[in-house]
Amino acid sequence: MQEPIPNLPESAYPKIVVIGAGFAGLKLARILKNKAFQVILLDKNNYHQFQPLFYQVATAGLEPSAISFPLRKIFHNTPNVTFRLAEAKKIDQNQNRLYTNIGYLDYDYLVMAMGADTNYFGLLNIMENSIPMKSVSEALFIRNKIISNYERAINITDLEERKALMNVVIVGGGPTGVELAGAMAELRNEVFPKDYPQLNFKNMKVVLMEAGDRLLPGMSPTSGEKAREYLENLKVEVMLKTAVEDYDGLNVIINGETVVKTQTLLWAAGIKPNGIEGLTDQQTFKNGRLLVDKYNKLAGTENIYALGDLCLQMTEAFPKGHPQVAQVALQQAKNLGNNLIIQAKGGNPRPFTYKDLGSMATVGRRLAVVELPFIKFQGMLAWLTWLFVHLMAILGVKNRIFIFLDWAWNYLSFDPSLRLLIRPTYVKPKDREKLVEESKK
């Protein structure tokens, strides 16, 4: 029998429990700070992760700490917001109770903002053998994996085995896949030959595979074609209309045949919502997203909300739901926070309306594609715009300074200094639960 979560402050204000401290959950908690609510923020990490820059950690461009920010620091001197390191397990909608791995707590309002995880589309071998990138931990693992492969390759005499260690295959032609491919190609072209002069990097393939007929499907065909041009100039092999059927840890199978051998397959091909027990079939769409109304209220409830990638809000303008991007999560969180404040004062809530602020993706060190509501452009100016927007979106002045200095040094010298193989030491079984993050495949 679970006990209630201990040491939570007493409060006479309505209790809002927020699950997840990603873009949506953190935005909502910040809007409600110092307001007439008790906010309990739960997350399985004690830091906020800036997902758009995971690929730079994976390719040794940034330190993990540069794109992570301690949640407790954000809410210093904010008595109405309490953070707990916890994983939500089950909702009891009848009792207004949430069960977690550290105990249960009752709520007046529950907000689910758990985001999404990697979608393997039921391909079990790929789930087992490929590498996802949905957290700082996974990005750091990719960095270690790639560097470890080259340290091993330099000690191997067999050419084919060495090629398999050096090749990198990226599956998924969205912004993450494009950015990963560009960064990996530049490391191969400019950086790794200086680190490993005994290796022939003409033998190393960087391959980007996309099941659709173009890159960046969420952007215009022009941007997708420009991204492809940039990648091919970096000597990335771009394979469109190419659906990966299987991967055994070495052979990438397409149409029943091995098209490339690699020990590093990075999976950026899709996402699926993170789930939780206690929801009904009437509240869940077939793809796992939660059905919400125009106020982000969960179907069939009066006090449960869902935000961001997790929810499906079908409108006239977006009959299939909004795109699963950060701006939707941030805007939904802002609208919900303002509605909760308005309702507490007796006012009427406002329906959510998404304002598309544009999309962008970078391809290497000086090139990007940018689409704003009023203009589309590519090249160096787009890259500078991408840098500015992402720098301003990072939490914390110190993090911005560190990132700016890293980017400036990398641009001037093109010799990132973070190619460190930091392998974890063995963790005793009794300590695993506390110190090791389990993979949810």
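Below, each value reflects all heavy atoms present in this structure, side chains not excepted, and no hydrogens, waters or symmetry copies.
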Parallel, tilted or perpendicular, judged at 30° and 60°: which one describes the rings of Phe192 and Phe201? parallel
Supply the atom-to-atom distance Leu32 CG to Leu336 CG, rounded to the nearest 0.5 angstrom. 7.5 Å
Check the orientation of His390 and Phe50. Use parallel for under 30°, tilted for 30 to 60°, and perpendicular for over 60°. perpendicular
Would the number of heavy atoms belonging to other residues, nucleotides or ligands and lying under 6.0 Å from CG of Asn287 be above 12? yes
How would you list, by chain and number, every residue that makes a ring pair (Phe, Tyr, Trp, His ring centres under 6.0 Å) with Phe318, sequence neighbours excluded? His322, Tyr354
Could you tell me if Glu128 and Tyr247 have a donor-acceptor pair between their side chains, going purely by distance under 3.5 Å? no
Nearest heavy atoms of Leu71 and Ala21, plus distance in Å: CD1-CB, 3.6 Å
Quick one: CG on Leu41 to CD1 on Ile16, what's the gap to the nearest 0.5 Å? 11.5 Å
Could you tell me the separation between the CD atom of Gln283 and the CG atom of Leu290, rounded to the nearest 0.5 Å? 8.0 Å
Side chain proximity check, Met204 to Leu199, heavy atoms < 4.5 angstrom: no
Would you call Met133 and Leu266 a side-chain contact if the rule is heavy atoms closer than 4.5 Å? no
Less than 4.5 Å apart, side chain to side chain, heavy atoms only: is that true for Asn274 and Lys134? no
For Tyr109, is the OH atom crowded, meaning more than 12 foreign heavy atoms sit under 6.0 Å from it? no
List the steps, then state whether side-chain hydrogen bond (donor to acceptor under 3.5 Å, both in side chains) holds for Ser220 with Glu371. CA-CA 8 Å; Ser220 69; Glu371 293 186 0; 2.4 Å; yes
Looking at Leu216 and Ser223, what are the two nearest heavy atoms and their distance? CD1-O, 4.0 Å
NZ of Lys334 to CG of Leu28, rounded to nearest 0.5 Å, is 13.0 Å
With heavy-atom distances below 4.5 Å as the criterion, would you say the side chains of Leu231 and Leu215 are in contact? yes
Is it true that the side chains of Gln378 and Glu229 contain a donor and an acceptor less than 3.5 Å apart? no
Mind checking what makes ring pair (Phe, Tyr, Trp, His ring centres under 6.0 Å) contact with Tyr55, not counting sequence neighbours? none
Do the non-hydrogen side-chain atoms of Lys89 and Glu277 ever get within less than 4.5 Å of each other? no
Under 4.5 Å between any side-chain heavy atoms of Arg84 and Thr100, yes or no? no
State whether the number of non-hydrogen atoms from other residues, nucleotides or ligands found under 6.0 Å of Lys35 atom NZ is greater than 12. yes
Gln93 side-chain N/O to Gly278 backbone N/O, donor-acceptor pair under 3.5 Å: yes
Show the nearest heavy-atom pair for residues Ile403 and Leu391, with the distance to one decimal. CG2-CD1, 3.8 Å
Can a donor-acceptor pair be found, under 3.5 Å and without considering hydrogens, that links the side chain of Arg350 to the backbone of Asn335? no
Donor-acceptor under 3.5 Å (Asn167 side chain, Lys205 main chain): yes
Contact summary for Tyr295 and Pro349, nearest pair of heavy atoms: CE2-O, 3.6 Å
CG-OG1 distance between Leu367 and Thr362, expressed to the nearest 0.5 angstrom: 7.5 Å
Are Ser65 and Tyr47 close enough that some pair of their side-chain heavy atoms sits under 4.5 Å apart? no
Is the closest side-chain heavy-atom distance between Tyr150 and Asp195 below 4.5 Å? no
Distance col, row Lys272:NZ vs Leu310:CG, nearest 0.5 angstrom, shows 13.0 Å
